[in-house]
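Just so you know, ligand 1 is whichever comes first in the structure, and atom 1 is the first atom listed for that ligand. The model shown is predicted, which means the values in this text are computed figures rather than measured ones.
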Amino acid sequence: MANVLEVGLTGRAYPIHIGGEVLGGVPAAVAELKAQNRPVALLADAEVALLHRLAFDRVFADVPTCILPGGEATKSLAALGQVYDFLAGMGMDRTGTLFVAGGGVIGDLGGFAAATFLRGIDFHQIPTTLLAMVDSSVGGKTGININAGKNLVGSFHQPRAVHISTDFLKTLPAREFNAGMAEVIKYGLLADAGLFERLQQASWSAENPDLPAILYRCCQIKAEIVSEDEREQAASGGRALLNLGHTFAHAIEQAAGYGEYLHGEAVGLGLVMAADYSRQLGTLSAADAEAVRQLVDATGLPVRLRSPLPADALLAAMKRDKKVRAGNLRLVTLERIGRAVTTEGADESRLRALWHSYGAQ
Ligand code: NAD
Ligand code: GLY
């Protein structure tokens, strides 16, 4: 029996179904659309389509399908063009729906294709990585990377539904699972100290019977934040808090070259750096900053740069962050474990010293 949460947006509320079985509730959604003679298409991650071929064949056998590889390189203009060509070729019209099955890469790409093809069609998210289940499939941020930076082209386009099946995680490599745990830790840090403590008390894998409850709590936190500040326009706090650690992370991903660090790996280190920066500002205790470092380390995520990256490039990438307002770099910092705030006017020399202490040159 699936648990259902709602993302409460006026006129565009949608359900997040959380269950075990792969593609559990999806056949009913597909059948309903077909009964209304609306076109249905599938964009799927290649690895997922292969590993779960029987389940996909059962549900999508007669549905036009586009298959693309996961991995950051696919969040590109070239791949977006392939999806547009596919949608045009299969005869997608404005009444149609795109089902998007994969990790955050295929989810962000497919969501952006749905946001823009014919000026916007419906889509459903079927997240298959831990990161996509707890974060990217919920909230309607869609987009691609360009040379100048990550996620710099995109749109807010909410899915009609999110279908989470935790059984997908049984085939997810451990490194990818750990990367997803970085976003889980993020929720504990920004909104729920009790969640952070639970994470400290166990080792986490797809087999942990408490994982669905953790996932549910993460989606609940995200749904609440998105409902209150869908387009990240709050003067302070709001949806920007979900970017805790991400200004550091995006800089690492860009300076190292996309794909060198998994997104979640960069987020893990970003969380450690955000906690350390908060300690230096005097808002977070040294003990709490150390607890963050220990949990990220215990999760198998990097707690310093794997090899030196230029501090200039890292700082330049931070300045292109989407949270910059009127040239002012805003960071998400911690007041304590379980409470994050947005902080204006980051001090460049302090940030430079911080990067050096984590292995930048
Ligand atoms: P990903 O989509 O590249 O997936 C990681 C790898 O796992 C890929 O190789 C994929 O083929 C494979 N895979 C996926 N599901 C699998 C499964 N069930 N079994 C086996 N292999 C599987 O990466 P990701 O970590 O899921 O997503 C990262 C992306 O998400 C980044 O681009 C990031 O910017 C984005 N993101 C977006 C949001 C948002 O709000 N839109 C939030 C967080 C992250
Ligand atoms: N992952 C950040 C957001 O959805 O706003």
ask   = Quick one: which of Gly71, Pro69, Gly103 has a heavy atom closest to atom 8 (C) of ligand 1?
value = Gly71
What are the polar N/O contacts of ligand 2 with the protein below 3.5 Å, with distances?
from	atom 1	to	atom 2	distance (Å)
ligand 2	1 (N)	Asp135	OD1	3.2
ligand 2	4 (O)	Lys222	NZ	2.6
ligand 2	4 (O)	Arg239	NH2	2.8
ligand 2	5 (O)	Lys141	NZ	2.9
ligand 2	5 (O)	Arg239	NE	2.8
ligand 2	5 (O)	Arg239	NH2	3.4

request  = Examine the proximity of ligand 1 to Lys222 and report which part, side chain or backbone, both or neither, has a heavy atom under 4.0 Å away.
outcome  = side chain
ask   = What do we get for Val48 next to ligand 1 when only non-hydrogen atoms under 4.0 Å count, side chain, backbone, both or neither?
value = side chain
ask   = Among protein heavy atoms, which sits nearest to atom 30 (O) of ligand 1, and what does the distance come to when rounded to 0.1 Å?
value = Gly104 CA, 3.3 Å
note = The closest protein heavy-atom partner of atom 43 (C) of ligand 1 is Asp135 OD2, 3.5 Å
ask   = Among protein heavy atoms, which sits nearest to atom 34 (O) of ligand 1, and what does the distance come to when rounded to 0.1 Å?
value = Lys150 NZ, 2.8 Å
ask   = Which option, Leu172, Val105, Leu51, Thr128, owns the non-hydrogen atom nearest atom 1 (P) of ligand 1?
value = Val105
task = Answer with side chain, backbone, both or neither: which part of Leu131 has a heavy atom less than 4.0 angstrom from an atom of ligand 1?
result = side chain
ask   = Hey, is Glu176 touching ligand 1 through its side chain, its backbone, both or neither, going by heavy atoms under 4.0 Å?
value = side chain
ask   = When the ring centroid of Trp355 is compared with that of Phe248, is the distance short of 6.0 Å?
value = yes
request  = Specify side chain, backbone, both or neither for Asn145, according to which of its non-hydrogen atoms lie closer than 4.0 Å to ligand 1.
outcome  = neither
